[in-house]
Structure formats: structure tokens, C-alpha cells
Colleague: 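Sharing a structure below in C-alpha cells format, with a few things to ask.
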Amino acid sequence: QVRLVESGGGLVQTGGSLRLSCAASGNILRADAMGWFREAPGLQRELVAWLTKDGLTFYGDAVKGRFAISRDNAKNLLYLQMNSLKPEDTAIYYCNRGQVSDGFYTASFDWGQGTPVTVSS
């Protein structure tokens with residue numbers, strides 16, 4: 001089991017940027033894939049982006065071109081750089097260790113507690 005702790009959330013104005021971090025107790029490179037999910041008030045949790053151990057990435061349509069998922073191997077951190085933020089991005093963001101098969105995020109294992117992001121209009 002890998003413990004995940006998210007940080008970096010906060011209040012930002014429309015058009016602003018935030019970088020979320022996910023600290024892992026284990027080596028994130030050993031994971032098949034790491035992902036970022038978000039849960040807006042009253043809505044189901046949705047996939048934001050994922051990154052495989054081989055460096056493949058995927059982005060949800062709502063964030064494509066604005067967000068970037070990456071990792072820092074030396075610091076064992078997973079990042080989500082969020083640019084051009086919109087009020088619709090307001091949600092609690094979660095880090096996840098999972099699995100990708102045939103281009104799909106097919107399994108979820110460890111979850112962090114989430115970090116809230118609020119984008120004001």
C-alpha cells in the first residue's frame with residue numbers, strides 16, 4: 001500500500017494557475033500509472049489526467065491543453081500543473097495510484113485525501 005498526500009490547492013482567480021503536488025510513501029515509478037481525479041460539488045468523481053510508468057499521458061477533454069501531469073523522480077512527487085483556470089475547474093482534486101490497460105485507466109488502488117481548488121469568476 002502506498003500513502004498519497006496532495007497539496008497545493010487553494011483559491012485562484014479565473015485565468016490563473018496552480019500546481020498541485022502528490023507526495024507518495026512509495027516509489028511512484030513502480031506504479032503502473034498515476035492519475036489525478038477531481039470531484040466537483042454535487043458531481044461524480046472524474047478523471048483529469050494520468051501518467052504511466054513509461055511516460056504515456058492522457059487528459060480529459062475538459063482540461064486538455066490547459067493542464068499538464070508530470071513527475072519528479074528525484075523528489076518522488078507527482079504534479080498537476082493547472083493553467084488558464086476556469087470556475088468549472090472548482091473541485092477537490094485527488095491523487096491516485098492505478099493501472100492503465102490499452103489506453104484506459106482500468107483500476108484504482110491508493111487514494112489521497114484530496115486538496116480543494118476554488119476558481120473565482
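Excluded from the calculations below are hydrogen atoms, water molecules and symmetry mates; all remaining heavy atoms, backbone and side chain alike, are included.
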Colleague: Can you sort out the partners of Asp61 under salt bridge (Lys or Arg N to Asp or Glu O under 4.0 Å), two or more places apart, ordered by chain and number?
Modeller: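 Scan of Asp61 (salt bridge (Lys or Arg N to Asp or Glu O under 4.0 Å), adjacent residues dropped) gives Lys64.
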Colleague: Looking only at atom types and distance, does a side-chain atom of Asn76 sit under 3.5 Å from a main-chain N or O of Ala23, one as donor and one as acceptor?
Modeller: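 Looks like no, no N/O pair under 3.5 Å.
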Colleague: If the condition is side chain to side chain contact (heavy atoms under 4.5 Å, CB included), which residues does Ser84 pass it with, not counting sequence neighbours?
Modeller: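 By the side chain to side chain contact (heavy atoms under 4.5 Å, CB included) rule, Ser84 matches Arg66.
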Colleague: Looking at every heavy atom in both Leu18 and Gly8, which two are closest together, and how far apart are they?
Modeller: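 That would be CD2-O, 3.8 Å.
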Colleague: Does the side chain of Leu51 come within less than 4.5 Å of Leu78's, by heavy atoms?
Modeller: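 With C-beta onward as the side chain, the pair touches.
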Colleague: Should Trp36 and Tyr79 be regarded as members of a common hydrophobic cluster, given that ILVMFWY residues are connected when their side-chain heavy atoms come within less than 4.5 Å of each other, either directly or indirectly?
Modeller: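 In one cluster with Trp36: Tyr79, no.
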Colleague: Go through it in stages, so that I can follow the logic: the residues are Glu6 and Leu20, the test is side chain to side chain contact (heavy atoms under 4.5 Å, CB included), and I'd like the CA-CA distance, side-chain angles, deciding distance and then a yes or no.
Modeller: CA-CA 7 Å; Glu6 302 94 337; Leu20 307 183; over 6 Å; no
Colleague: For the residue pair Val48 and Val63, what are the closest heavy atoms and their distance?
Modeller: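 Looking at all heavy atoms of both residues, the shortest contact is O-CG2, 3.5 Å.
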Colleague: Going by the rule salt bridge (Lys or Arg N to Asp or Glu O under 4.0 Å), which residues pair with Lys53 if we only count those two or more places apart in sequence or in a different chain?
Modeller: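 Result, salt bridge (Lys or Arg N to Asp or Glu O under 4.0 Å) vs Lys53: Asp32.
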Colleague: Hey, could you give me the OG/CG distance between Ser70 and Leu77, rounded to the nearest 0.5 Å?
Modeller: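 Taking OG in Ser70 and CG in Leu77, the distance rounds to 9.5 Å.
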Colleague: Write down the atom of Ala49, the atom of Tyr59, and the distance for their closest heavy-atom approach.
Modeller: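 Answer, listing the atom of Ala49 first, then Tyr59: CB-CD2, 3.6 Å.
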Colleague: If you compare all heavy atoms of Gly98 against all heavy atoms of Tyr105, which two are closest, and at what distance to 0.1 Å?
Modeller: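 Looks like N-OH, 3.1 Å.
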Colleague: Report yes if the side chains of Phe58 and Leu56 come closer than 4.5 Å at any heavy-atom pair, otherwise no.
Modeller: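 Phe58 vs Leu56: side chains apart.
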Colleague: To the nearest 0.5 angstrom, please state how far the CE atom of Met34 sits from the CG atom of Leu80.
Modeller: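 The CE atom of Met34 sits 12.0 Å away from the CG atom of Leu80.
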Colleague: Pairs under 3.5 angstrom only: tabulate donor-acceptor contacts from the side chains of residues 37-47 to other protein residues two or more places apart or in another chain.
Modeller:
from, atom 1, to, atom 2, distance (Å)
Arg38, NE, Glu46, OE2, 2.7
Arg38, NH1, Asp89, OD1, 2.9
Arg38, NH1, Tyr93, OH, 2.9
Arg38, NH2, Glu46, OE2, 3.2
Glu39, OE1, Arg45, NE, 3.2
Glu39, OE1, Arg45, NH2, 3.3

Colleague: If a pair satisfies side-chain hydrogen bond (donor to acceptor under 3.5 Å, both in side chains) and one of its residues is in residues 7-26, list it, with sequence neighbours excluded.
Modeller: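 Pairs touching residues 7-26 that pass the test: Ser17-Asn83.
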Colleague: For the pair Trp50 (side chain) and Gln99 (backbone), establish whether a donor and an acceptor sit closer than 3.5 Å, ignoring hydrogens and angles.
Modeller: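 No, because the side chain of Trp50 does not come within donor-acceptor range (under 3.5 Å) of the backbone of Gln99.
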Colleague: Hey, could you give me the OG1/CG distance between Thr90 and Leu85, rounded to the nearest 0.5 Å?
Modeller: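 Rounded to the nearest 0.5 Å, the OG1-CG separation comes out at 8.5 Å.
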Colleague: Side-chain atoms of residues 109-120: list all donor-acceptor pairs with protein atoms under 3.5 Å, sequence neighbours left out, distances to 0.1 Å.
Modeller:
from, atom 1, to, atom 2, distance (Å)
Asp110, OD2, Val2, N, 3.1
Asp110, OD2, Arg97, NE, 2.5
Asp110, OD2, Arg97, NH2, 3.0
Thr115, OG1, Gly9, N, 3.1

